[in-house]
Engineer: 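This structure is in structure tokens; I'll ask about it shortly.
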Amino acid sequence: LYTIFILGVIIVGSIVEMLGVSIILPIVNLALNPGEIEDNVFCRIIVQAIGKTEVQDVLLALIVVTIVIYVVKSIYLIWMNFAINRYAMSIRTTIAMKLMTTYMKQPYSYFLNKNTSEIIRSINTDTSNFHSVISNILYATSYGLTCGCLVLYLCKTNIAMTITVAILLLGCALMFLRIMQRRVKILGRENQRLTAEMIKYIEEAFSGIKEVKVMNRENFFIQVCKDVYTKTAEVSRKSTLYNVTPKYMIEAVSVIGIL
């Protein structure tokens with residue numbers, strides 16, 4: 001039931017986003033072409049509401065309405081992001097508790113051949129990553145619905161330009177998906193391995209601190225942790241690069257398509 005509520009919140013957010021974008025065009029058109037006051041639905045609504053047809057009055061009313069819409073939109077989208085994150089966190093908590101319960105109810109023999117660091121990673125890090133996945137899916141749904149609403153609006157405004165940009169965007173998105181999907185999977189597995197390795201070394205260092213001090217092995221654990229952190233930073237750097245590259249490339253393709 002809460003999932004349906006979140007989807008409803010996202011749909012409303014997409015409509016609000018489209019409204020915020022679509023109301024800018026009438027202001028620009030009215031400022032450049034005052035004679036086209038009756039050609040736009042927003043302008044006609046404003047004329048009927050204020051009972052005046054002077055361009056300056058209609059333009060001022062449009063600006064006021066736009067300010068109100070953007071204030072309301074900002075407040076709503078902030079709340080929407082909070083609701084999405086809260087939903088994703090509740091899923092993470094539920095999964096983490098189920099994993100914890102499952103592990104705690106296993107017999108002692110189960111843990112004899114099990115790496116404790118992998119269990120810790122599953123309960124802590126993997127659930128955190130799953131939270132990120134759920135959040136990204138919800139945000140992608142929100143952006144997708146917003147794009148859909150904007151496409152419908154642009155089709156009404158300029159269908160030829162909309163089709164051209166849509167084809168370019170779809171081709172660009174499929175290309176990035178094909179190129180980066182395999183690489184992101186490899187980076188994800190590598191990050192899991194490095195996280196488990198880091199937990200293992202830290203656990204060994206501090207659980208056996210007495211032996212570490214007696215055998216003078218501090219530098220060994222410092223060095224191995226440094227090596228793992230260096231590798232983790234490299235994986236994170238590549239992952240961030242793969243995440244942000246499509247956004248800017250698709251934006252560039254969109255602008256080129258419009259031109």
Side-chain angles (χ1 to χ4, degrees), residues 10 81-82 84-104 106 110-111 113-144 147 169-209 212 217-254:
I10 290 172
N81 280 274
F82 170 78
I84 288 174
N85 189 58
R86 181 182 178 184
Y87 175 69
M89 284 299 297
S90 68
I91 293 177
R92 176 192 174 183
T93 302
T94 301
I95 293 174
M97 289 303 96
K98 285 184 177 180
L99 284 171
M100 186 70 178
T101 303
T102 301
Y103 282 129
M104 291 301 293
Q106 295 298 320
Y110 174 82
F111 298 95
N113 297 316
K114 196 74 176 175
N115 191 337
T116 309
S117 60
E118 290 184 3
I119 296 175
I120 297 172
R121 186 206 68 201
S122 297
I123 296 173
N124 189 32
T125 307
D126 288 352
T127 53
S128 177
N129 292 337
F130 187 74
H131 161 260
S132 299
V133 170
I134 293 295
S135 297
N136 288 334
I137 289 173
L138 292 173
Y139 286 128
T141 303
S142 174
Y143 297 148
C147 288
L169 284 178
L170 183 62
C172 191
L174 290 174
M175 181 186 71
F176 277 113
L177 182 64
R178 185 176 181 84
I179 292 172
M180 296 187 176
Q181 188 176 30
R182 182 172 173 272
R183 296 181 182 179
V184 170
K185 283 183 179 179
I186 293 172
L187 288 174
R189 294 193 188 100
E190 180 66 9
N191 186 60
Q192 279 190 322
R193 186 188 68 79
L194 290 171
T195 302
E197 195 173 334
M198 174 58 67
I199 293 171
K200 184 182 96 171
Y201 285 129
I202 293 174
E203 204 175 40
E204 288 177 355
F206 291 105
S207 61
I209 190 66
V212 171
R217 300 286 286 172
E218 297 96 328
N219 289 334
F220 167 78
F221 284 102
I222 291 172
Q223 187 58 46
V224 293
C225 285
K226 180 182 177 182
D227 292 341
V228 175
Y229 266 117
T230 302
K231 292 176 183 177
T232 303
E234 180 66 16
V235 168
S236 179
R237 183 186 66 81
K238 290 180 180 178
S239 179
T240 302
L241 179 65
Y242 293 151
N243 283 332
V244 301
T245 298
K247 173 185 174 182
Y248 297 114
M249 292 302 295
I250 288 173
E251 182 181 345
V253 169
S254 300

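Given the structure is predicted, the values throughout are model-derived calculations rather than measurements. Residues: numbered from 1 along the sequence shown.
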Engineer: What's the spacing between Arg182 CZ and Leu187 CG if we round to 0.5 Å?
Structural biologist: 11.0 Å
Engineer: Are the side chains of Ile10 and Ile84 in contact, using a 4.5 Å heavy-atom criterion?
Structural biologist: yes
Engineer: With heavy-atom distances below 4.5 Å as the criterion, would you say the side chains of Asn85 and Asn81 are in contact?
Structural biologist: no
Engineer: Find the distance between CD1 (Ile222) and CZ (Arg217) and round it off to the nearest 0.5 Å.
Structural biologist: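 CZ of Arg217 is found 12.0 Å from CD1 of Ile222.
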Engineer: Taking the side chain from Ser142 and the backbone from Leu138, do they hold a donor-acceptor pair closer than 3.5 Å?
Structural biologist: no
Engineer: Are a donor atom and an acceptor atom from the side chains of Asn219 and Gln223 found within less than 3.5 Å of each other?
Structural biologist: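 No - no donor-acceptor pair under 3.5 Å links their side chains.
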Engineer: When rounded to the nearest 0.5 angstrom, what distance separates CZ in Arg193 from CE in Met198?
Structural biologist: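 Rounded to the nearest 0.5 Å, the CZ-CE separation comes to 11.0 Å.
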Engineer: Rounded to the nearest 0.5 Å, what separation is found between the CE atom of Met89 and the CD1 atom of Ile91?
Structural biologist: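 Reported to 0.5 Å precision, the distance equals 11.0 Å.
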Engineer: So how far is it from Ile95 CD1 to Met100 CE, rounded to the nearest 0.5 Å?
Structural biologist: 16.0 Å
Engineer: Considering only NZ, NE, NH1 and NH2 on the basic side and carboxylate oxygens on the acidic side, decide whether Lys231 and Glu234 come within less than 4.0 Å.
Structural biologist: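 Salt bridge between Lys231 and Glu234, a charged N being under 4.0 Å from a carboxylate O: no.
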Engineer: For Tyr229, look at atom OH and say whether over 12 heavy atoms of other residues, nucleotides or ligands are found less than 6.0 Å away.
Structural biologist: no
Engineer: Rounded to the nearest 0.5 Å, what's the gap from OH on Tyr201 to CZ on Phe220? Could you check?
Structural biologist: 5.5 Å
